[in-house]
Amino acid sequence: MNFSAVLSDTEDLSTIRGSGLAMLHAIEYAALVLEHLTGEAVEQVTTGASVGVFRVRAADQADAWTVARNLRARLTAHAPAAANGEAELLRVLDHLSILTAACAATADFLADMETLLALIRWQQQQAPSLVLPAAGGKPGEATPICPNDRTRLADTYIFRRKDEGSGPYPASRSVRDRHAYGRLYKQTLYDRVIYGTPYLGGGGSRFKPPERGYADELADLARRPDEALDGKMAVLYADGNRFSKQIRALVEESDTPIETQKAIDKALQGWRSKLLEKVVELIGRDDSDYPLMRIETLLWGGDELIWVLPAWRGWEVAALFAEHIRNEPVEKDGRSMDMSHGLGMVFCHYDAPINGIRTLAKNLADKVAKAERTSTRLAVMVLESFDAVGQDLEAHLTRTYGTAGITPTAMCLTAPQGASWNDVPCAVAKMKKHLPRRRLHALADALLHHGPVTTETDRAWGRFWRDLDAPAEAAIREAAETLAACWGFDAQGKDARLWLHLDMLWDYLAPDVQDMAEV
C-alpha cells in the first residue's frame with residue numbers, strides 16, 4: 001500500500017527503479033516464504049505490479065491468519081547483515097507499507113478476492129498515516145535533510161557517477177537502499193523477464209547475462225553526440241483497455257475460476273515478455289559500437305508499463321507496440337481478449353523532471369482511455385519547456401487547439417486496421433525531401449491561431465503549395481494520404497490535425513533524414 005511514497009518521492013532514476021523492482025521481487029519472495037511457513041508447495045493464483053494472491057492449506061481461519069501475519073513479519077523484517085539477494089530485498093521492503101490478509105476459499109472466487117481487498121483496506125485505515133524516523137546525529141548537531149527526497153533525514157550517503165562529482169553524496173536510508181537495489185538489478189531485469197528466470201533462482205539454464213550493459217542514467221540513454229536528437233528522450237506510458245473487466249468476465253463464466261485466472265495470468269505474462277523481447281531487440285540495433293543499451297523501465301506489471309527510450313526510437317517502439325497488439329492475440333476458452341491499450345508519449349530533454357514527465361505521459365494515456373476503450377490510441381506531446389503545460393493538462397490542450405476547432409480528445413492518434421504506424425517514418429522522410437520545414441510551420445501556425453476556415457489560413461495554404469513543381473506536390477500529397485491513413489484522419493489532406501502533428505513531430509519522425517532547405 002502507499003507505494004507512491006517510494007515511486008514519486010525523488011527524481012533519482014536508480015531510486016525509482018529500485019522501488020519498482022523490489023515490488024516485483026517481493027511477490028516472488030512471498031511465494032518462497034509461504035512454502036517455508038506451510039511446509040508445502042504454494043499455489044500462485046494471480047499477481048500484479050504490487051499484488052500477490054496465493055492459495056495455501058490451513059487448519060482453520062485462525063491458522064490462515066497466523067500464516068498471513070507471519071508472512072508480513074518476514075516481508076517487513078529488518079535485513080540481516082549478510083549481503084545476499086534476500087537481505088538486499090528486505091532492506092528495500094523495510095521502506096514499503098506491506099499488508100497481508102487471509103480468507104477461506106469458497107466456490108465464489110471473485111467474492112473471495114473482494115473480501116481480501118476489503119480486509120487489506122480495513123488494515124490500511126487502521127495504520128498510522130505518519131511514521132517519525134529515529135533521531136539522527138549527535139546531541140546538539142543538526143542532521144541535514146536528504147537532498148533526494150527532501151523529506152527524510154540524510155543520515156547516510158550514496159555514491160554518484162564520477163561526472164556528477166566524486167565522493168559520497170548525502171542521502172536518507174530509504175534512498176540509499178532503493179538506489180543500491182536499482183543499480184544492482186537493472187542489468188539483469190530484461191533478460192530475466194524475457195527468459196522467465198526468477199530473480200532469486202540464480203542463473204538458470206535459459207538465462208544468459210547481457211552482452212551489453214543497460215544505461216543507468218538518462219544522460220547515457222539520450223546521448224548521441226553529433227547526431228540528431230542528441231540529449232532527447234521519449235517517455236511512453238501504456239495502460240490496457242478494460243483488462244480487469246475482461247478478466248473478471250472470463251473468470252465469472254468459467255467452471256474453474258482459479259484455473260482460468262492462472263491461465264490468463266500466464267498468457268498475459270508471455271504476451272508482455274514477447275513484447276519486451278521485441279523492444280530490446282529493436283533498441284539493440286542502435287549504435288552497436290555504443291557500450292550501453294538505451295532503455296529504462298519505470299513500471300512493469302499489471303496492465304501498465306512505463307518505458308523511457310531514446311527520442312529517435314520513441315515512435316518506432318510505439319509502432320512496434322501497436323503491431324504486437326494486432327498480431328499477438330491472447331485467447332482463453334476460444335475467446336480473444338481485447339489487447340488494445342491507451343498510450344501516452346512525451347518527447348523532451350533528458351534533464352526534464354522525470355516524475356513530472358511520467359505523470360504527464362500517464363495523464364495523456366488516461367485521456368485516450370476515457371475517449372476510446374476498443375482500439376489502441378496514442379496521445380503525444382513534445383515539450384521544449386515543461387513549465388508550459390502547467391497543472392491542468394485539459395486546459396493546456398484546450399488553449400493550444402481550441403482556436404483550430406479541435407478538442408483535446410480529437411488530437412489522439414488511432415492505430416488503424418488497414419495501415420501500420422510502421423509506415424509513418426517513410427512518409428515523413430518523403431515529406432522532408434520535398435517540403436521546406438518553414439512552410440509547414442507557417443501553415444501549422446495559421447491553423448492554430450486562425451482556425452482551418454479563415455482568409456488568413458487560405459493564404460497560408462497558398463504559400464504552402466507555391467512554387468512547388470509537380471513531382472514535389474504529388475509526393476507531398478501522397479505522403480499526406482499515407483499519414484492520414486496511419487493516424488485515422490481525413491485522407492483528403494485538409495485535416496488540420498494531420499499538419500499540426502506533422503509540425504510537432506517533424507524532428508522525431510525519420511530524424512536522420514536531412515531536411516530540405518527553404519528556397
Side-chain angles (χ1 to χ4, degrees), residues 222 224-234 236 278-279 281-288 294 309-323 326 343 345-348 378 380-382 384 411 413-416 418-444 447 461 464-519:
R224 201 187 194 197
D226 304 321
E227 298 284 348
L229 301 181
D230 177 34
K232 296 296 184 68
M233 67 181 186
L236 177 65
K278 292 177 181 179
V279 172
E281 193 276 331
L282 173 64
I283 296 296
R285 299 179 203 161
D286 203 27
D287 298 339
S288 58
R294 298 180 174 100
L309 308 154
W312 57 93
R313 290 294 189 187
W315 180 264
E316 290 178 295
V317 171
L320 187 154
F321 204 135
E323 289 300 298
R326 181 160 62 176
L343 307 176
M345 185 158 59
V346 179
F347 291 98
C348 59
L378 168 68
V380 62
M381 181 176 289
V382 174
E384 299 302 332
M411 281 296 289
L413 307 175
T414 303
S420 171
W421 281 352
N422 287 324
D423 298 330
V424 169
C426 290
V428 174
K430 185 181 296 184
M431 283 271 197
K432 289 186 175 184
K433 293 179 180 179
H434 298 283
L435 177 62
R437 173 66 189 277
R438 191 181 304 173
R439 294 194 185 194
L440 171 63
H441 187 68
L443 174 62
L447 290 168
W461 276 113
F464 181 83
W465 295 112
R466 186 180 60 201
D467 300 330
L468 291 175
D469 57 31
E473 181 174 339
I476 293 171
R477 292 188 183 278
E478 180 183 358
E481 290 182 5
T482 299
L483 291 174
C486 290
W487 288 342
F489 296 153
D490 177 16
Q492 301 304 312
K494 281 286 189 178
D495 196 319
R497 295 173 297 172
L498 187 153
W499 303 101
L500 292 175
H501 271 101
L502 186 59
D503 180 55
M504 175 175 61
L505 297 173
W506 185 263
D507 294 331
Y508 299 90
L509 303 175
D512 297 323
V513 176
Q514 184 69 36
D515 289 2
M516 179 184 181
E518 182 67 83
V519 293

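One-based numbering along the sequence shown. Bear in mind the structure is a predicted one, so any value in this text is a computation, not a measurement.
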Asker: Phe489 vs His501, test: side-chain contact (heavy atoms from CB on, under 4.5 Å). Steps then yes/no.
Answerer: CA-CA 11 Å; Phe489 296 153; His501 271 101; 3.8 Å; yes
Asker: Any donor and acceptor pair, going by atom type alone, linking the side chain of Arg439 with main-chain N or O of Arg466 inside 3.5 Å?
Answerer: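 Here the side-chain-to-backbone pair exists.
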Asker: What distance do Leu498 atom CG and Asp503 atom CG have between them, rounded to the nearest 0.5 Å?
Answerer: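 It is 11.5 Å, given to the nearest 0.5 Å.
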Asker: Under 3.5 Å, which donor-acceptor pairs do the side chains of residues 426-435 form with other protein atoms, sequence neighbours left out?
Answerer:
| residue | atom | partner | partner atom | Å |
| --- | --- | --- | --- | --- |
| Lys432 | NZ | Trp506 | O | 2.8 |
| Lys432 | NZ | Leu509 | O | 3.1 |
| Lys432 | NZ | Ala510 | O | 3.0 |

Asker: Please name all residues satisfying salt bridge (charged side-chain N to carboxylate O under 4.0 Å, His left out) with Glu473, sequence neighbours left out, ordered by chain then number.
Answerer: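 Per chain and number, Glu473 pairs via salt bridge (charged side-chain N to carboxylate O under 4.0 Å, His left out) with Arg477.
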Asker: Taking it one step at a time, do Phe347 and Val380 satisfy side-chain contact (heavy atoms from CB on, under 4.5 Å)?
Answerer: CA-CA 8 Å; Phe347 291 98; Val380 62; 3.7 Å; yes
Asker: Kindly write out the residues that satisfy salt bridge (charged side-chain N to carboxylate O under 4.0 Å, His left out) with Asp512, not counting sequence neighbours, or none if the list is empty.
Answerer: Arg224
Asker: Excluding sequence neighbours, so at least two apart, what forms ring-ring contact (aromatic ring centres under 6.0 Å, His included) with Phe464?
Answerer: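 For Phe464, the residues satisfying ring-ring contact (aromatic ring centres under 6.0 Å, His included) (neighbours in sequence not counted) are Trp461, Trp499.
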Asker: So which atom in Val424 and which in Trp487 form the shortest heavy-atom distance, rounded to 0.1 Å?
Answerer: CG2-NE1, 3.6 Å
Asker: Find the distance between CE (Met345) and CG (Leu505) and round it off to the nearest 0.5 Å.
Answerer: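 Rounded to the nearest 0.5 Å, the CE-CG separation comes out at 7.5 Å.
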Asker: Any chance you could lay out the side-chain contact (heavy atoms from CB on, under 4.5 Å) test for Cys348 and Lys232, step after step, and finish with the verdict?
Answerer: CA-CA 6 Å; Cys348 59; Lys232 296 296 184 68; over 6 Å; no
Asker: Search all heavy atoms of Asp230 against all heavy atoms of Pro225 and return the closest pair with its distance.
Answerer: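 In this case the closest contact between Asp230 and Pro225 is OD1-N, 3.7 Å.
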Asker: With rounding to the nearest 0.5 Å, note down the distance linking CG in Leu378 to CE in Met411.
Answerer: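 Taking CG in Leu378 and CE in Met411, the distance rounds to 11.0 Å.
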Asker: Looking only at heavy atoms, which two atoms of Pro416 and Ser420 are closest? And how far apart?
Answerer: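 Closest pair (atom of Pro416, atom of Ser420, distance): CG-N, 4.2 Å.
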Asker: Would you give the length of the straight line joining atom CG of Leu483 to atom CG of Asp495, rounded to the nearest 0.5 angstrom?
Answerer: 11.5 Å
Asker: Which residues pass the salt bridge (charged side-chain N to carboxylate O under 4.0 Å, His left out) test with Arg285, sequence neighbours left out?
Answerer: Glu281
Asker: Under 3.5 Å, sequence neighbours excluded: what are the donor-acceptor pairs made by side chains of residues 309-320?
Answerer:
| residue | atom | partner | partner atom | Å |
| --- | --- | --- | --- | --- |
| Trp312 | NE1 | Asp286 | OD1 | 3.3 |
| Trp312 | NE1 | Asp286 | OD2 | 2.5 |
| Arg313 | NH1 | Glu316 | OE1 | 2.7 |
| Arg313 | NH1 | Glu316 | OE2 | 3.2 |
| Trp315 | NE1 | Trp421 | O | 3.0 |

